[in-house]
Novice: 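The structure's right below; bear with me while I get my questions together.
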Amino acid sequence: AEPKVDKSAANADAFVVQSDAFSDPAKAKRRQQSLISNGIKAYTELIKTDKGEMTRVRAGPFSTREEAEKAREKLKKMGLKGVVTSK
């Protein structure tokens, strides 16, 4: 018999909602706090670009695309844009 693979575990936290990226880490932190205070789990991520370091703000991670889409809708209601992407 083949071993059972728990697909939900393999897929855990596979989706995020990418919000904005900021050159000022303090602004990114404020955006993250704003999302959290609105009940959306969020984190920041440092990325290097041609223009220097940017701090990306992401909502998530979420285990399903549906959860990520719900968070994106919340962002929209806050007047923010977001893109659902796999992590």
Side-chain angles (χ1 to χ4, degrees):
E2 290 196 20
K4 284 189 174 161
V5 177
D6 183 356
K7 283 190 171 50
S8 63
N11 208 17
D13 299 339
F15 296 95
V16 296
V17 181
Q18 183 165 327
S19 186
D20 294 311
F22 299 90
S23 54
D24 180 351
K27 284 184 180 172
K29 212 63 178 154
R30 282 196 295 274
R31 172 64 53 84
Q32 178 191 16
Q33 290 306 319
S34 169
L35 296 182
I36 291 168
S37 66
N38 279 281
I40 302 166
K41 57 184 179 174
Y43 66 98
T44 59
E45 189 175 66
L46 197 61
I47 54 170
K48 294 188 190 317
T49 70
D50 299 344
K51 298 177 184 121
E53 289 187 341
M54 300 283 286
T55 304
R56 185 160 51 191
V57 180
R58 290 182 150 185
F62 304 100
S63 52
T64 66
R65 181 171 284 279
E66 289 74 26
E67 283 179 60
E69 288 290 351
K70 281 182 192 154
R72 190 180 67 80
E73 284 301 316
K74 279 189 189 176
L75 260 70
K76 239 163 94 174
K77 287 187 177 102
M78 293 168 62
L80 305 172
K81 60 188 185 301
V83 178
V84 173
T85 179
S86 51
K87 195 169 169 197

Novice: Q33: what forms a side-chain hydrogen bond (donor to acceptor under 3.5 Å, both in side chains) with it, not counting sequence neighbours?
Specialist: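 For Q33, no residue satisfies side-chain hydrogen bond (donor to acceptor under 3.5 Å, both in side chains) once neighbours in sequence are set aside.
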Novice: With sequence neighbours left out, what residues match K87 under side chain to side chain contact (heavy atoms under 4.5 Å, CB included)?
Specialist: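 Once residues adjacent in sequence are excluded, the partners of K87 under the side chain to side chain contact (heavy atoms under 4.5 Å, CB included) criterion are V16, Y43, P61.
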Novice: By the rule that ILVMFWY residues connect when side-chain heavy atoms come within less than 4.5 angstrom, directly or transitively, which residues belong alongside M54?
Specialist: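 Taking Ile, Leu, Val, Met, Phe, Trp and Tyr as members, M54 shares its hydrophobic cluster with I47.
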Novice: What is the minimum heavy-atom distance between A28 and T55, and which atoms define it?
Specialist: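 A28 and T55 have their closest heavy atoms at CB-CG2, 3.4 Å.
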Novice: Just grab all the salt bridge (Lys or Arg N to Asp or Glu O under 4.0 Å) pairs involving residues 76-86, residues at least two apart or on different chains.
Specialist: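 As it turns out, the salt bridge (Lys or Arg N to Asp or Glu O under 4.0 Å) pairs with a partner in residues 76-86, which skip direct neighbours, are D20-K81, E73-K76.
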Novice: Can you sort out the partners of K29 under side-chain hydrogen bond (donor to acceptor under 3.5 Å, both in side chains), two or more places apart, ordered by chain and number?
Specialist: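 K29: side-chain hydrogen bond (donor to acceptor under 3.5 Å, both in side chains) contacts with Q32.
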Novice: Apply side-chain contact (heavy atoms from CB on, under 4.5 Å) to V17 and I40, showing your working.
Specialist: CA-CA 10 Å; V17 181; I40 302 166; over 6 Å; no
Novice: Using the side chain to side chain contact (heavy atoms under 4.5 Å, CB included) criterion, which residues pair with E66? Sequence neighbours excluded.
Specialist: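 T64.
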Novice: Please determine whether a side-chain nitrogen of the Lys or Arg among E69 and R72 lies less than 4.0 Å from a carboxylate oxygen of the Asp or Glu.
Specialist: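 So E69 pairs with R72 through a salt bridge.
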Novice: With sequence neighbours excluded, what pairs up with S34 under the side chain to side chain contact (heavy atoms under 4.5 Å, CB included) test?
Specialist: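 Once residues adjacent in sequence are excluded, the partners of S34 under the side chain to side chain contact (heavy atoms under 4.5 Å, CB included) criterion are N38, M78.
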Novice: Taking the side chain as C-beta and beyond, is there a heavy-atom pair between K51 and S23 under 4.5 Å?
Specialist: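 Heavy-atom side-chain distance check fails, nothing below 4.5 Å.
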Novice: I36: which other cluster members, linking ILVMFWY side chains closer than 4.5 Å, directly or transitively?
Specialist: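 Taking Ile, Leu, Val, Met, Phe, Trp and Tyr as members, I36 stands alone, with no cluster partners.
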Novice: Considering residues at least two apart in sequence or located in another chain, which fulfil the salt bridge (Lys or Arg N to Asp or Glu O under 4.0 Å) criterion with E45?
Specialist: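 So E45 forms a salt bridge (Lys or Arg N to Asp or Glu O under 4.0 Å) with R56, R58.
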Novice: Just to verify, what does K41 make a side chain to side chain contact (heavy atoms under 4.5 Å, CB included) with, not counting sequence neighbours?
Specialist: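 With neighbours one apart ignored, the set is F62.
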Novice: Once you round to the nearest 0.5 Å, how far does NZ of K70 lie from CG of L75?
Specialist: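 Nearest 0.5 Å value for the NZ-CG distance: 15.5 Å.
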